[in-house]
Amino acid sequence: RLQYNYNRYNRNFTDDSASVGGFSKYQKGKYNGSSNFLELYTHLYLSKNVEFLAGVDYRQNSTSQLYIYFPDYGFPAKPLSSDSAKTNQFSGYASVNVKAKEGFNIELGSRWNHHSIYGTNYTSSINPFFLIKDHYKIYANISSGYRVPSLYQLYSEFGNKHLKPEITTSYETGVQYYSDKINVGITGFIRDGRDVFLFSNKYINGDKQHDYGIETEATLNFTAGLKASLNYTYVNGEISTTNNSGKDTSFFNLYKRPKNIFNLSLNYQATKDFFVSTSLKAAGKAFEGPYQLNAYYTLGFYGQYSFDKKFTVFADLQNITNQKYFETRGFTTKRFNANGGVRISL
């Protein structure tokens, strides 16, 4: 299979506070970019129990930028052409999936990358799992990752041409039980990284990052019409780096990510024509840089009734308790809102 896509990006930013007394400031940025992606791959069944995937791809990115800041605090106009701000990457990859007897499966994969700035690197993954008595699944995954900086992180007014790529190793393991009535699973994960991207007046590399957490989910079929779904995620992490004074420091670094998130939904098909559901989401506090985003919860309700195969009325109520909360600082989310209507199928 052969596929190609092209993307063009244009972003203009203006902050004109020159008329505000005591706070005269003017910023303007123009950011244009383009990307090309070309991929050729094949997926083969080598035997009844062995699948093989292999391919190559090529990625090209370029940008032109202009940033103006007044008064000039070290950020004069910086015209940047796409001839000097561009990268390309060529990759080859392969994976094999083996389905052995008695419920054992394993997938092995690897990727080779050559980047125009950062040279050559390799990533790999191994993912074995066991199916036991048609009701249990035990699985694990070990994989490595490699992420190069974006053109904005390299070349913008906050960019750093000396940024190193992020390198991570992830570990994951879990168990799942499933039947006609219950489907429940729990997964634990750890991610270790180095040279992670941080922002401190400009983009920089941190030294080491260590994240860990668990995720649980369950679906319960109480009756033919009543079903409950829930999930809970806990994640924690810290980054260790060297500050400006040369001292090592560690801090919580999960950007806009609450440590605790819980979701619950109840669905009830009361009759063939009448359906209702309710949902609850609760999220703990999170941090956006030095700012705290407070914990919040939302409650929703949905119902619909079909008079026949052609006419259905419905109502959807969201954030019923009118919670005020932020997922991104400065951008409000929906308070209590409702919509309803009639669907007609001819």
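Residues: numbered from 1 along the sequence shown.
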Go through the steps for Glu51 and Lys99 under the test salt bridge (Lys or Arg N to Asp or Glu O under 4.0 Å), then give the verdict.
CA-CA 9 Å; Glu51 298 179 32; Lys99 300 178 181 179; 3.5 Å; yes

Other members of the hydrophobic cluster containing Ile261, with the 4.5 Å side-chain heavy-atom rule, please.
none

Excluding sequence neighbours, so at least two apart, what forms side chain to side chain contact (heavy atoms under 4.5 Å, CB included) with Arg335?
Asn322, Lys324

Selection residues 120-132 - residue pairs positive for salt bridge (Lys or Arg N to Asp or Glu O under 4.0 Å), sequence neighbours left out:
none

With sequence neighbours excluded, residues passing side chain to side chain contact (heavy atoms under 4.5 Å, CB included) with Pro149
Tyr118, Gln153, Leu154, Leu163, Phe197

What residue pairs, at least two apart or across chains, pass salt bridge (Lys or Arg N to Asp or Glu O under 4.0 Å) with a residue in residues 111-120?
Asp57-Arg111

Checking Tyr139 now: which residues fulfil ring-ring contact (aromatic ring centres under 6.0 Å, His included) with it, not counting sequence neighbours?
none

Apply the hydrophobic cluster definition, ILVMFWY joined by side-chain contacts under 4.5 Å directly or through others, and give me every member besides Tyr296.
Tyr325

Of Tyr203, Phe199, Tyr152, the one forming a ring-ring contact (aromatic ring centres under 6.0 Å, His included) with Phe158 is Phe199

Who passes side chain to side chain contact (heavy atoms under 4.5 Å, CB included) against Leu254, sequence neighbours left out?
Asp211, Val235, Phe252, Arg257

Side-chain heavy atoms of Lys256 within contact of Thr328, under 4.5 Å:
yes

Suppose we screen for ring-ring contact (aromatic ring centres under 6.0 Å, His included). Which residues come up paired with Tyr302, at least two apart in sequence or across chains?
none

Residue pair His210, Tyr212: steps toward the ring-ring contact (aromatic ring centres under 6.0 Å, His included) verdict
CA-CA 7 Å; His210 178 68; Tyr212 59 93; 5.7 Å; yes

Axial cation check for Phe37 ring with Arg59, 6.0 Å and 45° limits:
no

Salt bridge (Lys or Arg N to Asp or Glu O under 4.0 Å) pairs, two or more places apart, involving residues 31-40
none

Run the ring-ring contact (aromatic ring centres under 6.0 Å, His included) test against Tyr9 and tell me which residues pass, sequence neighbours left out.
none

According to side chain to side chain contact (heavy atoms under 4.5 Å, CB included), who are the partners of Ser62, at least two apart in sequence or on a separate chain?
Ser34, Gln60, Ser82, Lys86

